[in-house]
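These numbers were taken from a predicted model, which means no experiment stands behind them. Numbered from 1 within each chain, the chains take letters A, B, ... in sequence-line order.
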Protein chains: 2
Amino acid sequence: MPKQLPLTDLDACCSPLAREPLSEGQAVELSRLFKAMSDPVRLRLLSLIASHAGGEACVCDLTGAFDLTAPTISHHLKVLRESGLVTGERRGTWVYYRVHPEVLARLSAVLVPGEETVPA
Amino acid sequence: MPKQLPLTDLDACCSPLAREPLSEGQAVELSRLFKAMSDPVRLRLLSLIASHAGGEACVCDLTGAFDLTAPTISHHLKVLRESGLVTGERRGTWVYYRVHPEVLARLSAVLVPGEETVPA
DNA sequence: CGTCTATATTGACAGACCTCTAATTAGCTA
DNA sequence: TAGCTAATTAGAGGTCTGTCAATATAGACG
C-alpha cells in the first residue's frame with residue numbers, strides 16, 4: 001500500500017476555514033493531518049522534533065520521554081511520517097526526524113479565525 | 001508563569017509547538033481539539049458554521065451538505081460541542097451553532113512553525 | 001563471519017469510533 | 001389535547017486505533 005501523500009486540494013488550499021466552506025477534498029486532506037495530531041504522544045513527538053536543536057531529533061532522543069515501548073514510538077513516528085508532517089532519515093545507526101515547516105504553516109493558516117461579523 | 005484562572009494547561013499555553021516541547025497536559029488538551037477536527041465531516045461542519053453569514057448556522061443549514069442521516073450530523077456536532085470548538089443554542093424550533101474564535105486562534109498560534117535554523 | 005545496538009515490522013487484542021435505525025425530546029400551532 | 005417538525009439520544013454493527021511481545025532488519029565493529 002503506497003502511502004504517498006497525493007497533495008491535490010491542499011496545494012490550491014489554505015484560505016482560512018472560517019472564510020469559506022472547505023471542499024470535500026480539502027476536508028479529507030486536512031482531516032488526515034489533524035488525525036495524525038490527534039494523539040497526545042504524537043503531538044509531543046512532533047513538538048520534541050520541531051523544537052529540538054538543529055531542527056532534527058534522533059529516535060533515541062525521543063523514546064526516553066515516554067513510558068512506552070520502542071515499537072509503540074516507532075508506530076507513532078510512522079503515522080507522523082505517512083501524514084507528511086515529518087521525515088525520517090537514517091544516518092549510520094540512528095534515524096533522525098525533522099518536521100516539514102510548510103505543513104505546519106499551512107495548518108496554522110487554515111485555522112486563523114475569520115474577521116468578526118457584527119452581532120445582530 | 002502566573003496561574004490565575006482555575007482552568008487547564010491550555011490557558012497557560014500556546015507557545016508554538018516548535019518552540020519548546022509540549023507538556024503532557026498540553027498535549028492531552030490539544031490532542032482533544034485535533035481529534036475533534038480529525039474527521040472530514042466535522043471539519044466541513046466547522047467550516048460551514050465558521051464561514052456562515054452572521055457567524056452562526058442552523059443545523060438545518062448544515063444537514064443538506066452531506067449524504068448522512070440527521071443523527072449522524074447530530075453526533076458530529078456533539079463532538080465539536082464537547083471539544084469546545086463550537087456552541088449550540090436553541091432558539092425556538094431551531095438550534096444555531098457558532099464557533100469559538102479564540103479556540104481556533106489558539107490552535108493556529110500553536111502550529112506556527114519556529115524560525116528556521118541554519119542548515120549545517 | 002558473529003554479535004551488539006538502534007529501529008522497524010508483524011500479529012494480536014481491547015477499546016474507541018462512524019454510521020445507521022428506532023425511539024425520544026423540544027417547541028410550534030391548531 | 002393532538003399532530004407536526006427539528007434535533008437529539010440510545011443501541012447495534014462493523015471498522016479503525018493504540019499498545020504490547022515477538023521477530024526482523026540495518027549498520028557498526030571486532
**Message:** Main chain of B:Ser31, side chain of A:Ser38: is a donor-acceptor contact present, judged purely on distance under 3.5 Å?
**Reply:** no
**Nearest-neighbour nucleotide for the A:Arg81 side chain, D:dT8, C:dA8, C:dC18 considered** = C:dA8
**Below 4.0 Å: OP1/OP2 of D:dG18 and any side-chain N or O of A:Arg42** = yes
**Fill in**
Assign each of A:Lys35 and A:Thr72 the nucleotide of DNA chain D bearing its closest heavy atom; nearer the 5' end lies the nucleotide of A:Lys35
**Item:** Any donor-acceptor N/O pair, B:Arg42 side chain to B:His76 backbone, under 3.5 Å
**Value:** no
**Prompt:** Given atom CD of A:Glu82 and atom P of C:dT9, what is their separation to the nearest angstrom?
**Reply:** 9 Å
**Request:** Considering just the side-chain nitrogens and oxygens of A:His75, establish if one lies under 4.0 Å of OP1 or OP2 belonging to D:dC20.
**Result:** no
**Asked** Which nucleotide, D:dT9, D:dA7, D:dT19, lies nearest any side-chain atom of B:Trp94?
**Response** D:dA7
**Message:** Let's see if you can work this out: which of C:dT21, C:dT9, C:dT19 has an atom nearest to the side-chain heavy atoms of B:Thr69?
**Reply:** C:dT21
**Prompt:** If you check every side-chain atom of B:Val95, which of D:dA7, D:dG18, C:dA8 has the closest atom?
**Reply:** D:dA7
**Message:** Regarding B:Phe66, tell me which of base, sugar-phosphate or nothing describes its non-hydrogen contacts under 4.0 Å with the strands shown.
**Reply:** nothing
**A:Thr93 vs A:Leu68, nearer the 5' end of DNA chain D by closest nucleotide** = A:Leu68
**B:Glu29 with B:Arg106: basic N within carboxylate O range, under 4.0 Å** = no
**Item:** Spacing of B:Glu89 atom CD relative to D:dA7 atom P, expressed in whole Å
**Value:** 13 Å
**Residue among A:His52, A:Glu89, A:Arg81 satisfying side chain to side chain donor-acceptor pair (under 3.5 Å) with A:Tyr97** = A:Arg81
**Prompt:** Looking at B:Tyr97, does any N or O in its side chain come under 4.0 Å of the phosphate oxygens OP1/OP2 on D:dT8?
**Reply:** yes
**Item:** Value in whole Å for how far the C1' atom of C:dT7 lies from CD1 of A:Ile73
**Value:** 12 Å
**Fill in**
The answer to which of B:Asp39 and A:Ala70 contacts DNA chain C further toward the 5' end, by nearest nucleotide, is A:Ala70
**Request:** Please state how far atom CG in B:Leu80 lies from atom P in D:dT8, giving the value in whole angstrom units.
**Result:** 12 Å
**Message:** From C-beta outward on B:Pro71, which listed nucleotide comes closest to its side chain: C:dT19, C:dA22, D:dA7?
**Reply:** C:dA22
**Complete:** Separation of C:dT19 atom C1' from B:Lys78 atom NZ, nearest Å, is 15 Å
**Asked** Which one, C:dC20, D:dG27, C:dC18, comes nearest to the side chain of A:Arg90?
**Response** D:dG27
